[in-house]
Amino acid sequence: MASLLHAENISKSFGPIEVLHDVSLDLRAGEVHAVIGENGAGKSTLMRILSGHLSPTEGTLTLDGRPVRFAGPVDAEAQGIVLVHQEILLAEDLTVAENVYLGREMKRFGFVDDRAMREATRAVLAELGTGIDPDIHVRDLSIADRQLVQIARALLVPHRVVAFDEPTAVLTPIEAESLFTIIRKLRAQGVAVLYISHRLNEVKAIADRVTVLRDGRLVANRDIEGLEPLEMARLMVGRDMSKLYPEKPATSSDEIVLTVRHFSVPGHVEDASFALRRGEILGFGGLIGAGRTELFEGLLGLRPGQGSIALRGSSVRFKDAREAMAAGIVYLSEDRKGKGLLLQQNLRVNLTLAALEKFVRGAVVNKAAEEAALDSAIRDFDIRARRKDMLAGQLSGGNQQKLLLAKMMLADPQIVIIDEPTRGVDIGTKQQIYTFIATLAEQGRSVIVISSEMQELIGLCHRVLVMRNGTIAGEVADSNLSEDAIVFLATGVHEERAAKIAAGHA
Amino acid sequence: QDKKNVTIGVSIPAATHGWTGGVVYHAQEAAKQLEKTYPGLKVVVKTSPDGASQANALDDLTAQKIDALVVLPFNSDELTDPVRAVKKRGTFITVVDRGLKDASIQDIYVAGNNPEFGRVAGKYMADNLKSGNVVVFRGIPTVIDEERVVNFEKALEGSGVKVIDKQYANWNRDDAFRVMQDYLSKHPKIDAVWASDDDMALGVLEAIRQGKREDIKFVLGGAGMKDMVKRVMDGDKMIPADVSYPPAMIATAMNVTAAQFFTDAPMRGTYVLNAQLITKDNAKEHYFPNSPF
Amino acid sequence: MTETALRSTSQPRRFSLDMRALSPFIALIVLMIAGALINPDFLTASNLLNVVTRSAFIAIIAVGATFVISGGGLDLSVGSMAALIAGAMILILNRAGGADASTLLLGMGAALVLGALCGLANGLIVTFGRIEPFIVTLGTMGIFRSLVIWLAAGGTITLRNADLRELYRPAYFGTVAGIPVPILVFLAAAAIGAILLYKTSFGRHVIAIGSNEDVARYSGVPIWRVRTLTYVIQGICVAIAVLVYVPRLGSATPTTGLLWELQAITAVVVGGTALRGGIGRIWGTVAGAVILELVANIMVLSNFVSEFLVGAVQGAIIIIAMLVQRSLQRGR
Amino acid sequence: MTETALRSTSQPRRFSLDMRALSPFIALIVLMIAGALINPDFLTASNLLNVVTRSAFIAIIAVGATFVISGGGLDLSVGSMAALIAGAMILILNRAGGADASTLLLGMGAALVLGALCGLANGLIVTFGRIEPFIVTLGTMGIFRSLVIWLAAGGTITLRNADLRELYRPAYFGTVAGIPVPILVFLAAAAIGAILLYKTSFGRHVIAIGSNEDVARYSGVPIWRVRTLTYVIQGICVAIAVLVYVPRLGSATPTTGLLWELQAITAVVVGGTALRGGIGRIWGTVAGAVILELVANIMVLSNFVSEFLVGAVQGAIIIIAMLVQRSLQRGR
Ligand SMILES: Nc1ncnc2c1ncn2[C@@H]1O[C@H](COP(=O)(O)OP(=O)(O)OP(=O)(O)O)[C@@H](O)[C@H]1O
Ligand SMILES: Nc1ncnc2c1ncn2[C@@H]1O[C@H](COP(=O)(O)OP(=O)(O)OP(=O)(O)O)[C@@H](O)[C@H]1O
Ligand SMILES: [Mg+2]
Ligand SMILES: [Mg+2]
């Protein structure tokens with residue numbers, strides 16, 4: 001098969017740091033080409049080079065056999081190469097339809113044709129299995145919905161190469177399944193698809209070929225035939241990855257630390273009640289928009305909500321996150337860019353922000369102690385920062401997640417609520433995070449894991465509560481802990497049928 | 001007479017409205033003309049937008065080693081000390097218009113007379129209206145404005161003329177227009193307007209013209225802007241008079257200061273330029289068609 | 001299933017959006033009621049027409065400011081620019097000498113061109129120099145103001161030809177169907193502004209740049225061109241305001257347009273546009289401009305505020321008006 | 001592997017960071033050279049000391065503004081606040097009547113308390129009312145200004161007791177070890193400001209709020225308290241500036257402090273602090289304040305600029321200074 005887009009000996013340096021070294025990649029029409037690698041391996045950087053966002057320090061790109069240099073992403077788009085970014089790149093103040101058509105508005109008599117754009121947007125969103133209202137402002141959407149909007153935007157550009165940078169990290173399996181349907185359709189149309197994911201099962205299911213990067217270098221380029229996820233993980237991480245989930249620590253006691261009764265968050269959650277035990281890992285599952293995030297934001301005083309909360313038997317009420325933290329509860333937001341990290345500040349400032357009092361000596365912040373904490377955080381959480389003084393925004397996505405974990409752990413909480421703990425995290429790091437969560441439970445702390453990855457909930461949690469439409473639909477535990485049980489509670493229907501609904505065949 | 005090298009610094013407010021604009025113009029003209037008349041004389045004119053900057057400008061002028069300073073202070077209270085500091089270096093001081101708190105600082109004082117300005121206007125109102133309602137336009141809140149208004153009201157005491165409203169219009173035409181429109185809505189009967197300044201009078205006139213109000217007999221401005229003097233001269237009914245407050249006083253001050261250095265006559269003392277009532281009879285003496293003001 | 005859930009949540013948001021857009025108008029109505037209570041003369045047609053007519057300059061300028069601000073910029077130079085354009089226009093009219101419509105049109109054309117050029121200068125320095133618009137326009141504010149003072153040689157620039165003034169007067173004092181011309185002009189400016197901002201791709205791009213410049217750039221929005229154009233529009237709006245301003249008093253002084261920039265920005269913000277960019281509300285801006293003028297009017301009409309304290313009450317009313325708006329928006 | 005990379009690469013980055021922080025100082029030096037070329041009197045110690053001394057008011061206020069702005073806020077009321085504090089302080093001194101140090105200390109203490117209260121008012125309205133700081137402080141600007149006019153009954157508030165004035169004079173005119181007191185005060189204010197902003201958790205929180213309020217909120221930063229405190233610090237800084245200002249002219253007028261807010265913000269921005277928040281550069285701010293005063297000084301010392309055009313040249317110089325800074329930062 002002829003190569004459509006060919007990258008030859010690409011190297012890329014940011015200042016003196018080389019993040020890609022001598023990487024070649026050959027992309028053919030009508031194939032799905034997966035690029036995998038650890039966090040910080042350089043996948044996103046490679047995508048940005050291929051789509052004109054960055055220019056390579058060395059090496060050449062060839063399109064249809066002719067060497068090209070993209071003046072920028074707009075130029076690349078004009079030549080049919082679009083990228084769905086790993087981070088959400090949308091204008092929050094514009095509506096969904098306005099974002100989808102930004103920069104190439106449909107016009108009628110010289111004016112923007114909002115109706116046509118709205119309808120086209122609605123159609124492509126429906127194809128993605130979502131009913132997002134095209135007139136909603138992006139700022140009012142959840143991250144998952146924003147991701148879908150980004151994908152919709154890419155699909156509405158005339159394209160020959162579509163690169164997806166971790167599109168499913170924020171999607172639930174059902175949305176992911178509709179995306180795969182679309183990807184298969186693209187492949188059938190002769191479009192070349194680049195696909196990055198840390199979910200290796202997905203890669204196995206969708207890809208034709210796989211390129212593996214490690215530390216900015218090309219490690220392998222294989223056909224999917226005969227390449228199993230376990231082997232992919234080994235190629236990425238360089239060690240054997242057969243055991244992803246740690247042993248579930250035995251819940252040490254029946255002591256209940258947190259009781260929530262009849263809690264409501266106006267517009268999002270109604271009448272939620274649950275209890276959390278000491279040393280327990282409690283999962284929260286459900287579809288996007290089920291209101292899990294809002295429930296916990298409401299509990300921690302981050303948004304208005306009513307209901308009763310009892311912490312170790314005594315009734316509490318948190319006005320803001322500060323009070324909750326003082327009471328030993330921390331919440332790690334799913335939106336690490338918008339609510340988790342100060343992207344324009346360095347790692348040290350980010351790390352100590354939530355627990356700054358611990359670093360105050362006399363009246364001033366002790367920088368040396370902060371540096372020491374950063375060193376140990378980099379070590380303990382395996383944060384791959386090439387330099388200690390880089391900005392949080394320059395970390396790769398997975399490493400940002402690790403930094404956020406490290407930051408919140410500095411507050412030494414008794415109850416940890418982690419929203420989407422492994423979103424965008426590579427398999428090696430995932431294992432580290434799971435082990436870490438298990439360790440927390442072993443230490444007698446309680447952990448709540450909100451996750452859209454059912455495997456994760458099953459492998460990690462003692463119990464899983466499933467939310468649907470703002471209410472807690474039920475609980476699965478022990479032997480009942482299965483994907484089908486969770487999907488049933490989350491949707492009210494069984495898995496295959498849910499997938500069909502999502503794909504619009506029902 | 002041997003050739004002397006003399007530098008005179010002139011510090012005046014920036015041209016932020018008609019009258020100060022006139023001051024700047026006259027200062028410049030006088031500077032040009034004096035430098036021509038007295039070879040060896042250098043005149044440096046500096047404008048400042050507020051009291052603090054004027055104090056700064058005085059510092060900077062002294063840094064240039066001036067022999068004499070002609071200053072029209074923004075504000076008597078604020079600039080007394082800074083001018084005193086200049087005086088301490090042995091500089092010859094001429095103060096214009098607004099007297100310093102400490103009269104011993106100045107060698108020459110060319111005085112405008114703000115209380116008199118208000119009194120003349122008030123007396124004119126009392127004499128010509130006998131009784132009736134007057135609305136008052138205030139300038140920018142400053143001592144000058146306060147002295148004028150207080151004495152205006154004092155002059156009305158005992159007459160049948162009543163001040164029914166006072167508002168600040170900042171010596172600005174647009175603000176005066178706005179306030180006059182509102183006065184017209186608010187007061188069904190206004191007999192005369194004391195605009196207290198010719199710039200403001202112009203705005204007032206437009207508002208009256210637009211409102212088509214017949215009850216207002218006249219508008220009294222002040223300062224002697226050439227357009228207004230011309231109207232007085234031409235017998236405009238709405239502008240029967242004006243009160244002079246000539247910006248050219250700065251030129252007078254510069255002239256006597258230069259004379260101090262280049263002629264033998266000692267020039268110390270006070271020169272009072274009193275506010276005068278300009279009427280049809282004496283308007284010619286106050287009309288300078290070439291002045292920008 | 002998911003469908004219905006999504007639908008049902010979008011309803012209340014739609015409503016709150018409307019509240020946000022409506023709140024300046026509600027504040028306006030509350031003020032009118034307050035005014036009527038304070039002084040019965042307030043509600044006379046002539047007083048209200050006066051007030052709205054007077055707000056025309058700021059409203060027209062603020063329409064331009066809505067573009068600049070919603071695009072993430074700021075223009076502090078508009079007041080000085082107005083003075084400069086007015087001065088230059090009058091000088092041109094005086095130089096041209098005639099007293100016919102064609103002279104007038106020449107002067108008006110020159111004003112518009114000058115406005116566009118001043119705006120272009122601001123825009124180019126901001127975009128190419130990559131300097132904070134605050135600093136750029138503070139600099140040009142000084143430059144424009146100085147140029148007027150220099151043109152006026154410290155004095156006043158007056159339209160000398162009396163016939164021309166008479167010819168031109170109706171542009172401020174005239175009425176069409178009982179509505180003063182300035183009101184018609186500012187409604188037209190707002191309507192055109194609204195179409196530009198809401199119905200064209202240019203307007204969409206302005207909002208996108210103000211919302212997130214990076215996103216706009218990746219989406220192929222011509223950042224520099226759009227941003228520069230917002231300043232040009234601002235300049236043209238200032239020129240239009242000047243066209244209505246000059247016939248009123250027939251002169252320009254060094255104090256013309258002083259602090260108009262603050263008033264224009266206040267009108268924009270009171271109208272619901274966010275200073276950080278990304279939201280633009282043309283009609284709210286117009287309401288904001290009227291609110292400002294109304295507050296000043298009520299101050300003069302009321303009898304219980306000492307002239308010394310007018311500014312204090314005015315400041316307090318604006319803050320309270322904003323508080324009312326905020327609580328309207330929250331208590332949906 | 002990763003470790004070594006960390007070490008070896010930190011060098012050049014450090015350098016580029018320094019360029020950004022250094023550029024206001026480079027602009028300062030360039031201006032000094034220009035000044036020396038224009039007038040030899042410029043480089044005399046007495047002239048330079050004068051200029052730096054004069055810049056003290058704005059510099060001290062701008063130190064406070066650095067906190068407000070880097071925390072994502074804005075304070076337009078500082079000029080009026082300065083006038084109000086100066087007026088109130090003088091009235092208190094007049095009322096107290098004495099001419100001894102304790103009277104003076106009483107007055108100074110009252111000024112500081114009043115400054116903190118004014119700042120607190122701004123801060124509380126901004127945080128609890130959730131109104132754009134632009135509008136809030138524009139409102140309080142009007143309120144403070146009116147209160148001065150009212151206190152002064154339209155005139156001037158003057159320190160009457162001549163002995164007290166003599167006692168107080170050294171606070172502006174005195175020197176310690178040859179350095180004028182105002183310079184010492186502003187260096188002290190800047191030093192304390194720098195420690196607060198760079199070394200304390202409060203300063204860290206200010207920057208966090210200015211960078212991303214949501215992140216700060218989710219991290220348990222007490223947003224309201226920190227934000228309100230920035231305005232209080234601003235108020236105290238204004239009061240300190242007033243303490244140095246009053247002995248200079250011995251009076252306060254309704255025009256005292258006019259446009260200081262613009263100057264303070266300009267100093268902050270010229271110093272490298274971004275108006276959108278998240279970056280604060282105290283020492284840059286101080287350099288910015290000196291730059292502004294230096295430009296004005298050069299204007300007075302140079303004799304080839306018509307006084308009508310001083311403003312234009314000043315505006316142009318500031319824009320050019322920013323352009324120079326930008327090109328320094330880019331061409332690292
Ligand atoms: N602008 C930048 N300046 C400096 N270093 C950068 C910059 N952008 C990325 N890097 C570094 O380049 C390396 C590769 O980053 P990249 O985002 O390509 O990783 P990735 O493979 O996509 O990781 P992830 O799976 O976490 O998304 C990382 O070490 C990152 O810190
Ligand atoms: N700022 C907002 N204002 C109004 N509605 C919002 C806002 N953010 C999210 N929503 C809506 O609230 C609902 C729930 O949000 P969200 O998707 O975060 O729930 P979740 O169950 O926590 O999902 P996730 O699986 O992403 O954690 C969605 O319908 C979303 O569109
Ligand atoms: Mg990546
Ligand atoms: Mg969520």
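Reckoned from all heavy atoms, side chains included, excluding hydrogens, waters and symmetry mates. Proteins get letters first, then strands, A, B, ... in listed order; numbering begins at 1 in each.
- Interatomic distance, Q167(B) CD to S306(C) OG, rounded to the nearest 0.5 Å: 9.0 Å.
- Atoms CG and CD, from L49(C) and Q181(B) in turn, are 10.0 Å apart once rounded to the nearest 0.5 Å.
- Only the side chain of Y245(C) has a heavy atom closer than 4.5 Å to any heavy atom of chain B.
- Here E166(C) is the residue among E166(C), M299(C), R145(C) with the most heavy-atom pairs under 4.5 Å with chain B.
- The shortest distance between side-chain heavy atoms of E206(B) and Y172(C) does not fall below 4.5 Å.
- In K189(B), the NZ atom is crowded: over 12 heavy atoms of neighbouring residues, nucleotides or ligands sit closer than 6.0 Å.
- The side-chain hydrogen bond (donor to acceptor under 3.5 Å, both in side chains) test with S185(B) is passed by exactly one of N47(C), T44(C), N39(C): N47(C).
- The shortest distance between side-chain heavy atoms of D174(B) and L249(C) falls below 4.5 Å.
- The shortest distance between side-chain heavy atoms of R248(C) and Q210(B) does not fall below 4.5 Å.
- In summary, R160(C) and D227(B) do not engage in a salt bridge, as defined by a charged side-chain N under 4.0 Å from a carboxylate O.
- Screening N170(B), N172(B), T20(B) for a side-chain contact (heavy atoms from CB on, under 4.5 Å) involving T255(C) leaves a single residue, N172(B).
- Between the side chains of R173(B) and S251(C), at least one donor N or O sits under 3.5 Å from an acceptor N or O.
- Proximity to chain B is limited to the backbone of S302(C), based on heavy atoms less than 4.5 angstrom apart.
- Put simply, of V310(C), T253(C), N297(C), the one with the most heavy-atom pairs under 4.5 Å next to chain B is N297(C).
- Taking a cutoff of 4.0 Å between a charged side-chain nitrogen and a carboxylate oxygen, R138(B) and E307(C) qualify as a salt bridge.
- Here the straight-line distance linking atom NE2 of H187(B) with atom CG of D41(C) works out to 9.5 Å at 0.5 Å rounding.
- A distance-only check finds a donor-acceptor pair linking the side chain of K186(B) to the backbone of V300(C) [under 3.5 Å].
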